[in-house]
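Just the heavy atoms: all of them, side chains too, but no hydrogens, waters or symmetry mates, feed the values below. Note that ligands are numbered from 1 as they come in the structure, with each ligand's atoms numbered from 1 the same way. As the structure is a computational prediction, the values presented were derived from the model and not from experiment.
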Amino acid sequence: MSAPERRVPEARPSGQDARIDGLVAGLRQSPPSISPSWFYDRRGSALFERICEQPEYYLTRIELSIMDAHVREMAEALGPRIALIEPGAGSGLKTRRLLGALDSPASYVPVDISREHLLESASRLRADYQELHVHPVCADFTAPFDVPAAALEGARRNVVYFPGSTLGNWAPQDAVELLRRFARIAGPGGAVLLGLDMVKPVEVLERAYDDAAGVTAAFNLNALEHVNRVTGSRIDTSAFRHFAPWVAAHERIEMRLVARRDVAFELGAARVRLRRGEHLLTEYSHKYTAESAAQLAAEAGLVVQQAWFDPERWFGVWLLAPGGGAYAEPTDAPVS
Ligand code: AVI
């Protein structure tokens, strides 16, 4: 799709200038990159929901099946009267499975930047779990945020829940930093319950990020369309194609937009020139092994207490706690 003649930038809410500064800084890197946060405007969020329904995108389905099979053991391991804190949208099916199994949870604290989405899902949860204290926090969880004391009152333990392998979208050192912050929120007696996608055959991985219906391709290209809408830039999206290779050296899928021909555009102080075949980088999606997940936890000052997998070990849900205690491979893993 080529850019229309004249573009009127969308209104810039506060914080938008910093976001555009970040965009410009990314485009000045080599390779030029666009933060994955640019995927998620209204259209991008709808496309992401469709990705989760694609037969090739196994992540959501399998993590949910792990919750179905093991949520009682998870609830038992977490213990009674916990405060469950969820950075990111929350209140999806996985969260509901967990909330339904927990023993008298003290509170549920969804943290999200979109006030509208947050309040809507909080009121749906209140209607469905009438005993539950829901304390929505409107904040960008990628920056430090406060959990109100009232939300933690009466809780025996704080548990940060971060499903979906979302942590895999951070570069390794940033993932450690984010996990460290979650560990601090959980506190000394707390825990982090973390969903991570596992390393698996390359064909399975590459298909998951290039579905036959073209939904992931549209999602990737939408990042550029979103940039154009917000900044008024005129990047010609038809000059790019979606490509999502497995990069074995880093154990990650890289979402790329490859130039179909020589392309040049300007955005603020960034002057981007790509030869045909060169690319913009839009996302990392790191995959883990039991060892690299334990290593990531250790770098964040956490230890693996328990882990649950699907029978093929394509996805894992890890219970991490601060310091002490050794990781014992679950006796029933892989679990059917
Ligand atoms: C949100 N995140 C865990 C997704 C993933 O699998 O890395 C984002 C995504 N990108 C392309 N498809 C899905």
Are there more than 12 heavy atoms of other residues, nucleotides or ligands under 6.0 Å from atom CZ of Arg50?
no
So if I apply the side chain to side chain contact (heavy atoms under 4.5 Å, CB included) rule between Ile185 and each of Val160, Val159, Val109, which one comes out positive?
Val160
By side chain to side chain contact (heavy atoms under 4.5 Å, CB included) - contacts of Arg271 (at least two apart)
Glu266
Show me a pair-per-line table, with atom names and distances to 0.1 Å, of protein N or O atoms that are under 3.5 Å from an N or O of ligand 1.
unit_1	atom_1	unit_2	atom_2	d
ligand 1	2 (N)	Asn169	OD1	2.8
ligand 1	6 (O)	Tyr57	OH	2.5
ligand 1	6 (O)	Tyr209	OH	2.5
ligand 1	7 (O)	Asn169	ND2	2.9
ligand 1	7 (O)	Ser285	OG	2.6
ligand 1	10 (N)	Glu283	OE1	2.7

When Phe182 is tested against each of Trp170, Phe162, Trp318 for ring-ring contact (aromatic ring centres under 6.0 Å, His included), which residue passes?
Phe162
Any side-chain donor paired with an acceptor under 3.5 Å for Glu291 and Gln295?
no
May I ask you to check whether Phe219 and Tyr40 place their ring centers less than 6.0 Å from one another?
yes
